[in-house]
Structure formats: C-alpha cells, structure tokens
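See below for the structure under consideration.
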There are 2 protein chains.
Amino acid sequence: MQLKELSNATGTSPASIKFYLREGLLPPGQSVHATRASYSTEHVKRLELIRALRQIIGLNLDQIRSIVTLADDGVPHLALLAQVQRVVLKLEPAVGEVERTAAADAVVRMRGWPDVRSDARDALDRHVAAMQHVGIDLPLELLDRYSGAVDAIAGLDLELTAAGDDVNDIILTAAVGMHMHSQLMLKLLAVAQASHAIRTLEAP
Amino acid sequence: MQLKELSNATGTSPASIKFYLREGLLPPGQSVHATRASYSTEHVKRLELIRALRQIIGLNLDQIRSIVTLADDGVPHLALLAQVQRVVLKLEPAVGEVERTAAADAVVRMRGWPDVRSDARDALDRHVAAMQHVGIDLPLELLDRYSGAVDAIAGLDLELTAAGDDVNDIILTAAVGMHMHSQLMLKLLAVAQASHAIRTLEAP
DNA sequence: TGAACTGGATAGTGGCACTATCTTAGAGCC
DNA sequence: GGCTCTAAGATAGTGCCACTATCCAGTTCA
C-alpha cells in the first residue's frame, strides 16, 4: 500500500500522514527504494487510533506519542494500559506523597479492592480532595453506587483488552471505553437534573 | 475598585482583563469619567467564573460567552442551567429528530423520570448510540447502577442552585459539579481496572 | 518519454487566547 | 500652571498547536 492509498483508506490527507510520520506517531513504511515505501494494515490501524484519540478524546500529539512509542517498543500490555490511564486521567507526576482520602479508602474497602498505591489511586485521592475543596461532599451511599458501577465494567474491559489481538485495538478500547463511560455519566446526570427540575416545577 | 486592583484581587493580568472586557465576557465597569472606571465585587466573581470555566473545565471563550450573556440578560435560572448543560455536554444542535435508544428508555422507566424530549435526553440517546456503535454494550444492571448514582445527586445539586444567591455562583456550581462527577467516574474506573488487573495477575 | 506520484525538507496557515505597544486624557503634586 | 504618573481604550503582535502547501529530485509505468 502506498501513501496515497493509505490516505484514501483512512480519509486522512497525505500531508497529514507525512506530518505524523515526521512526528514519529506513525512508524515509517517498508522502504522499497529511495522514492517508494509501502504501508500495511498496521498503518491503517495506527492512523485510525491516532485520529480517534485526537478527535474523540481530544488528546494532543505529545500525549498520543507517549502512548504509541510504548506500543512500538513492545512493552507488556499492562504497562501500556497504565500509560493510557495516565494520559486519559491527565495525571501529572505527583509532587511528593499524595495524601489519602477517607472517601477513597472507603471505596477500596467497600469493593474489596487491593489497598495499594498506584497512579490511578493517587489520581482518585487528588480528585476527591479537589471535590471537597470546592464544597462537593461525597456521601458513602453515592460512593457505593459509583464504585459498584465501575467495578462491574472493569472486569469486562480487562477481559477484552487481555484477549486483545492488536496493540492499537487495545489502546483504542481502553481509552475510548474510559472516555465513553465518563461521558455517559455526564449525560445521565444532565437528564437526571432536567428530570428533577421538571418535577420540582410541576409540583411546587 | 480600579482595573489594577481587580487584577490584583483575581491574579489576572490587566491585559487579560481588558481582553475579556473587549470580548464581552466581563461587563464594563462603572465609568467615572473618560479615563477611569470602577469595578465591583461582581466583577471579581465573574472573573473567577471565567477562569474556572477555562482552566478547570476547558471551555473556550465562545462557550463561556454563550453562558454569561444569558446571565447578564437576567434569564430565569432554569434557562441558564439548560445552557450550562448544553455547553458542558458539548451538545451541537440536532439535525432532525434524534432517535430514541432502548437503553435511555429503560433508564427513564427505571428511575421514574418524566419521559419527555429535552436537550439532555437527546444527548443521552446520541451518546448511547455512539457507545453501541463502537461496540460497548450497556447491560441493564449497569444502567441501573449509573442512573441510581446520578439520581441521588441531581436532587441535591438542584437544591443548591435553586437556593443560589449569585448567578455566577449558580453557573460555577452547576458546571463544576457536572464536570467533577464525570471526572470522578473516570478516576474510579481507573482504580477499578487497576484493581482487577492486580487480582488477575496475583491469581493466574 | 513524459505525466504522475513518491519521500524528504522547509516554509506557511489559521485559530485561539492572550500580551504588548501606543495614544490620549485626567489626577495629584509642587 | 506645569510636570509626571497612571488609567482607559484601541490596535497590533506573539506563541502555540495541528496541520497544510510548496518545492525538489528521483522513479515508475502507460
């Protein structure tokens, strides 16, 4: 497959493909000779991954690069997933120890999750602290419902990614899955608010 | 309060404040005479709102303007909340009728929410369709847990906003609340995934 | 043989959110 | 009254990012 065909196959302009090649997001094609290279279905998948991460999740090229370089280095899937999480959670490296929160502790205990330090756990603790800082309190019952919901899908997601064939698919599934579920909550919350508002108005 | 003082009070550069004034995000100060205007605590709050919407939620200036102009026009709080929802949900005007999904119908029935068309409901239907399109299925049990969680907080949020004193506070509470809850899910999901991954590894 | 396409290099574009500069005009002090 | 200081208002410039366009020399295939 030549560059032009790759362009047609993915709906990405040749100029953009060249740009991604320069930026190291897309591995170079098999060089046939000085002025011809051939691209595989791997390239199609990678390109689709790049565009999904950009357009659906809104990652920037640096973030995407930090994921795909790991994939190209052939790191284990779990390490790859950890990086996807770091990026999607917009986790910047912690300065010093992240303080544990009662809310996160409670969730871990409720769900029987292993009580270990991880990037995700740090992110949770920091976010809970941020919510409380702006005056949003998190009653245990709410945490129970939230964590029950995510607990249910985490196992499922993991199966999918563990069984995964292609690295690009694994990344895509993990990143898009997380994003979609979080957005689903946003929409559900909006409908719930609208519903409550209607009720409040109709029965004053 | 003069421009310089407003700048000091909010940590925003005078140049940026001038820019927001030009852009119509910040209402002009009370003009004392040709070269002096005075700003109030209202301006401080508005400026804090603008910066929170930009930096925490990542809205662009167009989106922020679409909210604050409504606030300045003094529209009813419910209409204001609807606009905040539209922006935070990144809802673009529907082209034609949005097709209802079984999943959203099920949620509405489960929760006993009023079954009416709304922007939020449209957003939910479209999002559910998008999730199914990428191969994420939503079992009833999951929808039950998700919607149970949001149902619990929607009432609470509404009380807060209805009781609200300042429009800027209302907008801030609503927007930040939605965003924070959605991000909380993201973090919880990451912890759940990490937990499941650890378990899977420890007991192979 | 020549139009079409390639890889590679370099430069340009457009959008966005500021930021810097310039001009004019009152304010306060002597 | 004159001088300096600073504010407001208008206009132009900046920096970043993700492309996009142009140019060139080499190859291929109709």
Side-chain angles (χ1 to χ4, degrees), chain A residues 1-40 42-44 46-69 87 90 92, chain B residues 1-40 42-44 46-69 87 90 92:
Chain A
M1 195 188 301
Q2 297 188 172
L3 194 144
K4 190 71 177 293
E5 299 173 80
L6 182 58
S7 164
N8 289 336
T10 58
T12 309
S13 76
S16 293
I17 294 176
K18 283 183 174 187
F19 174 69
Y20 293 147
L21 285 166
R22 278 200 302 285
E23 291 290 311
L25 298 178
L26 197 60
Q30 183 75 27
S31 180
V32 175
H33 52 67
T35 73
R36 202 119 320 189
S38 89
Y39 302 92
S40 65
E42 265 300 291
H43 288 90
V44 176
R46 172 57 58 86
L47 213 37
E48 282 166 357
L49 172 64
I50 292 170
R51 298 205 77 80
L53 293 181
R54 282 258 335 114
Q55 289 165 17
I56 301 178
I57 310 192
L59 300 184
N60 65 35
L61 298 191
D62 266 356
Q63 295 172 319
I64 295 174
R65 187 171 19 235
S66 80
I67 293 173
V68 297
T69 53
V87 169
K90 289 170 185 25
E92 61 265 17
Chain B
M1 196 189 301
Q2 296 189 173
L3 194 146
K4 191 70 176 294
E5 299 174 78
L6 181 59
S7 164
N8 289 336
T10 58
T12 310
S13 76
S16 293
I17 294 175
K18 284 182 176 186
F19 173 69
Y20 293 148
L21 285 166
R22 280 200 300 286
E23 290 292 311
L25 298 179
L26 196 59
Q30 184 75 26
S31 180
V32 176
H33 53 66
T35 72
R36 202 115 326 181
S38 89
Y39 302 92
S40 65
E42 266 300 291
H43 288 91
V44 176
R46 171 58 57 86
L47 213 36
E48 283 166 356
L49 172 64
I50 293 171
R51 298 205 78 81
L53 293 181
R54 282 254 339 110
Q55 289 165 18
I56 301 179
I57 310 192
L59 300 184
N60 64 35
L61 298 190
D62 265 356
Q63 295 172 319
I64 295 174
R65 187 171 20 236
S66 81
I67 293 173
V68 297
T69 52
V87 169
K90 291 172 182 26
E92 61 264 19

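Because only heavy atoms are used, hydrogens play no part in the values below, and waters and symmetry mates are left out as well, while side chains stay in.
- At whole-Å resolution of the value, CG in A:L3 and P in C:dA4 are 18 Å apart.
- For the pair B:R65 CZ and C:dA17 P, the computed distance is 9 Å after rounding to whole Å.
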Could you pull out the protein-nucleic contacts involving nucleotides 24-28 of chain C (nitrogen or oxygen on both sides, under 3.5 Å)?
residue, atom, partner, partner atom, Å
C:dA27, OP1, B:H33, NE2, 3.2

Protein-to-nucleotide contact annotation, 5' to 3' order, nucleotides 10-20 of chain D [B base; S sugar-phosphate only; - none; under 4.0 Å, heavy atom]
-B------SBB
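- Every residue two or more places apart in sequence or in another chain that forms a side-chain hydrogen bond (donor to acceptor under 3.5 Å, both in side chains) with B:R51 is listed here: B:Y20.
- The two residues A:I50 and A:I64 come nearest to each other via the heavy atoms O-CD1, 3.8 Å.
- Atom pair A:L21:CG and C:dG8:C1' shows a separation of 11 Å (rounding to whole Å applied).
- In this view, A:S31 satisfies the side-chain hydrogen bond (donor to acceptor under 3.5 Å, both in side chains) rule with no residue, not counting sequence neighbours.
- Between B:L21 and B:L26 the shortest heavy-atom distance is CD2-O, 3.4 Å.
- Considering all non-hydrogen atoms of both residues, B:S7 and B:T12 come closest at OG-O, 2.6 Å.
- B:R54 and B:L61 make their closest contact through CD-CD2, 3.4 Å (heavy atoms, listed as atom of the first residue, atom of the second, distance).
- A donor-acceptor distance shorter than 3.5 angstrom exists from the side chain of A:R65 to the backbone of A:E23, with no hydrogens or angles considered.
- For B:S13, the side-chain hydrogen bond (donor to acceptor under 3.5 Å, both in side chains) partners at least two apart in sequence or on another chain are B:S16.
- As a whole-Å value, the separation of B:N8 CG from D:dT6 C1' is 14 Å.
- In this structure, B:I17 places its CD1 atom 14 Å from P of C:dA20, rounding to the nearest Å.
- Using a 4.0 Å heavy-atom cutoff across all strands shown, B:Q2 reaches sugar-phosphate atoms only and no base atom.
- Taking atom NZ on B:K4 and atom C1' on D:dG9, their separation rounds to 17 Å, with Å as the unit.
- Evaluation of the side-chain hydrogen bond (donor to acceptor under 3.5 Å, both in side chains) rule for B:T69 yields no partner, not counting sequence neighbours.
- The CG-P distance, from B:L26 to D:dA8, rounds to 12 Å in whole Å.
- As a whole-Å value, the separation of A:H43 NE2 from C:dG7 C1' is 14 Å.
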